[in-house]
Amino acid sequence: MEEVRLLDKNGLRVDGRRLEELRPLKLEVGILDKADGSAYIEHGKNKILAAVYGPREAQPRHIALADRAVLRCRYHMAPFSTEERKSPAPSRRELELSKVIREALEPSIMSEYFPRATIDIFIEVLQADAGTRCAGITAASLALADAGIPMRELVAGCAAGKVEGKVVLDLSDLEDKKGDADLPVAFMPKSNVIGLLQMDGSMTEDEFKQALDMAVDACRRIYEMQREALRQKYHLVKEESEAKEEAPAPEVKQ
Ligand code: ADP
């Protein structure tokens, strides 16, 4: 089999990026009418929707907690999100990702304000190209904010890793599959909390430190983009309400 080269002679990656370069990101807040909060992310070729319901009364009642809300999370990849049709049934991987994503978001939510309630997070991957757990966290955190849920701060996610012996940021699918290691991270910049840290593959201690620093720095940049996406949403809401106020009163026909 022909060997796949992940770095060219100039040290650029298969998609032309430098080692520390993020894939292009697009964030939108409040795009679903029916959910209490929602967000959409394009992170490279990943396309992911996040929706939030709650806080609402816990059902079934026996799952309720007396001192805080229960946070539930479902990460799911659509059957058309990968090159080969993926079974729509939840896989072991999706169950694991639902759990680690919930744990990454939990420290950001002031769940103590809502005893006996539930907050439901749905992450639907429409198109997958590696780094979906991180992009899913970035979108879900925005959807939580859009639902008006009190939060300590936003959570941003980004992976770093290693390809052909070099530490790189934000691996694409090919780099994830053919590379040496992948290190997904979720981070809250103000409180300096890492809520997700996993590793697939192997790195030396120095490479690990370098990759972690790179991922944390990228999360800080993504955090600023999240804030901007929220500002955009509320700017639009303000413009719309001002336009309504300025509209002339309808004429009453005699
Ligand atoms: P992450 O998406 O968080 O990087 P993984 O490392 O498990 O999670 O997966 C890497 C990539 O592999 C995914 O983003 C997706 O592009 C691809 N992938 C994962 N599961 C499947 C699957 N069942 N079928 C096809 N591709 C998949």
Side-chain angles (χ1 to χ4, degrees), residues 4 6 13-15 17 19-27 39-50 73-106 121-143 155-164 166-188 194-203 207-208 211-212 214-216 218-219 221-223 226:
V4 182
L6 297 174
R13 297 154 70 178
V14 273
D15 52 10
R17 279 186 293 155
L19 302 183
E20 269 193 64
E21 197 172 331
L22 266 175
R23 290 177 284 182
L25 254 89
K26 180 177 149 193
L27 297 169
Y40 172 68
I41 183 168
E42 285 181 11
H43 186 144
K45 290 184 191 155
N46 291 309
K47 295 184 178 187
I48 303 173
L49 265 175
C73 177
R74 188 188 84 146
Y75 163 101
H76 182 250
M77 293 213 312
F80 50 81
S81 63
T82 52
E83 256 160 51
E84 291 281 319
R85 173 188 174 274
K86 184 208 149 275
S87 161
S91 62
R92 282 174 65 98
R93 174 182 169 274
E94 286 168 303
L95 285 178
E96 178 209 322
L97 294 205
S98 300
K99 176 179 179 288
V100 296
I101 291 172
R102 174 173 56 75
E103 288 171 352
L105 293 167
E106 218 151 27
I121 303 168
F122 296 96
I123 296 174
E124 201 63 28
V125 180
L126 308 177
Q127 186 167 287
D129 195 66
T132 58
R133 77 194 68 195
C134 294
I137 289 170
T138 304
S141 190
L142 279 177
V155 189
C158 191
K162 183 174 147 186
V163 300
E164 293 188 5
K166 297 266 187 221
V167 175
V168 298
L169 183 66
D170 193 16
L171 281 71
S172 63
D173 198 27
L174 184 68
E175 291 175 324
D176 187 4
K177 295 216 162 62
K178 305 280 179 193
D180 311 322
D182 182 30
L183 185 86
V185 171
F187 181 62
M188 293 200 288
I194 292 176
L196 170 89
L197 180 61
Q198 296 183 292
M199 192 166 97
D200 192 9
S202 62
M203 286 191 228
E207 286 165 349
F208 172 81
L212 184 59
M214 229 187 229
V216 163
C219 288
R221 283 184 267 156
I222 294 172
Y223 177 80
Q226 287 173 300

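Atoms within each ligand, like the ligands themselves, are counted from 1 in listed order.
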Where is the nearest protein heavy atom to atom 23 (N) of ligand 1: which residue, which atom, and how far? Lys86 CG, 4.0 Å
So does Arg92 pair up with Glu96, basic N to acidic O under 4.0 Å? no
Per-atom filter on ligand 1: closer than 4.0 angstrom to a heavy atom of Ala128 are 14 (O), 15 (C), 16 (O)
Ligand 1 and Leu97, any nitrogen or oxygen pair closer than 3.5 angstrom? no
Can you tell which part of Glu83 has a heavy atom less than 4.0 Å from ligand 1: side chain, backbone, both or neither? neither
List in chain and number order the residues that pass side-chain hydrogen bond (donor to acceptor under 3.5 Å, both in side chains) with Lys45, two or more places apart in sequence or in another chain; answer none if no residue qualifies. none
among protein heavy atoms, the one nearest atom 11 (C) of ligand 1 is Asp173 OD1, 3.4 Å
In terms of residue, atom name and distance, what is the protein heavy atom nearest to atom 19 (C) of ligand 1? Arg93 CZ, 3.6 Å
For Thr82, the side-chain hydrogen bond (donor to acceptor under 3.5 Å, both in side chains) test, sequence neighbours excluded, returns none
To check your reading of the model: name the closest protein heavy atom to atom 13 (C) of ligand 1, its residue, and the distance in Å. Ala130 N, 3.7 Å
Note: Met77 and Ala128 closest approach over all heavy atoms is SD-CB, 3.9 Å
Output for pair (Lys26 NZ, Lys47 NZ), nearest 0.5 Å, gives 8.0 Å
Using the salt bridge (charged side-chain N to carboxylate O under 4.0 Å, His left out) rule, pick out the option among Asp129, Asp15, Asp173 that qualifies with Arg23. Asp129
Measure the distance from atom 10 (C) of ligand 1 to every protein heavy atom, then report the residue, atom name and distance (to 0.1 Å) of the closest one. Asp176 OD2, 2.9 Å
How long is the gap from CZ on Arg17 to CG on Leu169, to the nearest 0.5 Å? 7.0 Å
At under 4.0 Å between heavy atoms, which part of Lys177 makes contact with ligand 1: side chain, backbone, both or neither? side chain
Quick test: of every protein heavy atom, which one is nearest to atom 25 (C) of ligand 1, and how far off is it to 0.1 Å? Thr82 CG2, 3.3 Å
If you measure from each non-hydrogen atom of Asp129 to ligand 1, which part falls under 4.0 Å: side chain, backbone, both or neither? backbone
Pick one: which of Lys99, Arg133, Lys86 meets salt bridge (charged side-chain N to carboxylate O under 4.0 Å, His left out) with Glu94? Lys86
In the protein, what heavy atom is nearest to atom 3 (O) of ligand 1, and what distance, to one decimal place, separates them? Arg133 NE, 2.8 Å
Give me the nearest non-hydrogen protein atom to atom 2 (O) of ligand 1 as residue plus atom name, then the distance to 0.1 Å. Thr132 OG1, 2.5 Å
At what distance, to the nearest 0.5 angstrom, does CD1 of Ile123 lie from CG of Leu105? 6.5 Å
So for Pro184, does at least one of its heavy atoms come nearer than 4.0 angstrom to any atom of ligand 1? no
